[in-house]
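The block underneath contains the structure these notes are about, expressed in C-alpha cells.
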Amino acid sequence: AVGQATFTEAPTGVLIRMEFLDRRLPSGWHGLHLHERGDCSDFAAGFQASGSHITLNRRVQHGLLNRRGPEAGDLPNIFAAPVGVFGAEVFSPYVTLHNARIGNRLPLLDADGAALLIHAGPDDHSAQPIGGAGARIACAALTQLP
C-alpha cells in the first residue's frame, strides 16, 4: 500500500483526493491516469490487467497539452516528497462515479470498473501513448460493491 484515494462525485466531474504514506513512492514527479478496468491483480506484470487509459473514443489522443486530446483518463502529475506524508487533489470533468455515462462523462463504476494508476516518471502530457511516464508502479481498483 502506498496510501489511499477518495473519489467524490461533483456536479461536473469527479474530485480525487490522495493521501500517501511516508517513502512509499520514489520522490519526484509521477504520471497519474485513470485506466479502463478495475483490476490490479497482476502486480508482477506491472498492472497490465487495468488496460489502457479511459477514452471517449479511439480518435482522441493522450495528453492534457495535446490539441487532439485529452483522453478521459488523463490527469495532472503528482509530486512525491522525499520524506514525510503528502497528498494531492485532482479533478476530472470527463468521468462520473455512476455506472452509466452521463453526457460525455464516462462511468468509473461500470461493469468492469476502473483503476487509478501511478507511473514511475512524469507525464509530458503530449507523447503517445502515455506521455513517457514509464512503468506502472501503483494501482488502485475501483469496482462496484456486490
Side-chain angles (χ1 to χ4, degrees), residues 1-21 24-26 28-81 85-146:
V2 298
Q4 66 179 15
T6 304
F7 291 72
T8 303
E9 181 77 16
T12 60
V14 173
L15 180 68
I16 306 167
R17 173 178 269 185
M18 296 161 287
E19 299 174 38
F20 296 96
L21 301 169
R24 296 296 174 96
L25 288 177
W29 289 99
H30 298 277
L32 185 69
H33 303 118
L34 293 166
H35 285 244
E36 59 192 355
R37 286 188 298 278
D39 187 347
C40 298
S41 63
D42 61 338
F43 170 78
F47 304 116
Q48 297 302 308
S50 65
S52 300
H53 297 174
I54 295 172
T55 187
L56 289 167
N57 65 60
R58 298 297 173 198
R59 292 185 309 267
V60 173
Q61 291 186 354
H62 168 77
L64 295 174
L65 299 176
N66 187 330
R67 73 173 56 187
R68 295 186 63 199
E71 295 175 306
D74 292 344
L75 296 170
N77 290 315
I78 58 170
F79 184 80
V85 297
F86 65 97
E89 279 187 337
V90 297
F91 182 80
S92 175
Y94 305 111
V95 295
T96 178
L97 290 177
H98 294 280
N99 61 8
R101 193 177 194 155
I102 296 179
N104 281 336
R105 292 170 49 206
L106 300 179
L108 295 177
L109 297 176
D110 58 1
D112 61 358
L116 179 67
L117 270 288
I118 299 173
H119 290 265
D123 184 339
D124 69 12
H125 301 297
S126 59
Q128 302 305 305
I130 63 165
R136 302 169 182 192
I137 61 170
C139 183
L142 290 80
T143 57
Q144 290 184 354
L145 296 174

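Residues take their numbers from the sequence shown, with the count starting at 1.
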Partners of R68 by salt bridge (Lys or Arg N to Asp or Glu O under 4.0 Å), sequence neighbours excluded?
-> none

When rounded to the nearest 0.5 angstrom, what is the spacing between CG in L64 and NE2 in H125?
-> 5.0 Å

Any side-chain heavy atom of E36 within less than 4.5 Å of one from S52?
-> yes

For the atom pair NE2 (H33) and CD1 (I54), what is the distance rounded to the nearest 0.5 Å?
-> 11.5 Å

Flag side-chain contact, heavy atom, 4.5 Å: W29 against I78 | no

Considering non-hydrogen atoms only, spot the tightest contact between V14 and V95 and give its length.
-> CG2-O, 3.5 Å

If you take all heavy atoms of F47 and S50, which pair is closest and at what distance?
-> O-OG, 2.8 Å

Specify the closest pair of heavy atoms between N77 and G31, including all atoms of both residues, with the distance to one decimal.
-> OD1-CA, 3.2 Å

Once you round to the nearest 0.5 Å, how far does CZ of F86 lie from CD of E19?
-> 11.0 Å

Check: S126 main-chain N/O paired with Q128 side-chain donor or acceptor under 3.5 Å | yes

Distance in Å, L108 CG paired with S92 OG, rounded so as to fall on 0.5 Å steps = 7.5 Å

Distance from L117 atom CG to L32 atom CG, nearest 0.5 Å?
-> 8.5 Å

Heavy-atom check, side chain of D123 versus side chain of L75, under 4.5 Å | no

Mind checking salt bridge (Lys or Arg N to Asp or Glu O under 4.0 Å) for R105 and listing every partner two or more places apart, or none if nothing turns up?
-> E9

Any I137 side-chain heavy atom under 4.5 Å of V2 side chain = no

Got more than 12 heavy atoms from elsewhere within 6.0 Å of CZ, F43?
-> no

Contact check, side chains of I118 and F20, non-hydrogen atoms, under 4.5 Å = yes

Between A141 and C40 the two heavy atoms that sit nearest each other are N-SG, 3.5 Å

Drop me the distance from I130's CD1 to R136's CZ, to the nearest 0.5 angstrom.
-> 7.0 Å

For H62 and D74, does a side-chain donor sit closer than 3.5 Å to a side-chain acceptor?
-> yes

Side chains of F7 and L109: closer than 4.5 Å at any heavy-atom pair?
-> no

Can you name the nearest heavy-atom pair linking A115 to R37, along with the distance?
-> CB-O, 3.3 Å

Counting only N and O atoms by type, is there a donor-acceptor contact under 3.5 Å from the side chain of D124 to the main-chain atoms of A127?
-> yes

Tightest non-hydrogen contact, residues L25 and A80, listed as CB-CB, 4.0 Å

Does the side chain of E71 come within less than 4.5 Å of N66's, by heavy atoms?
-> no

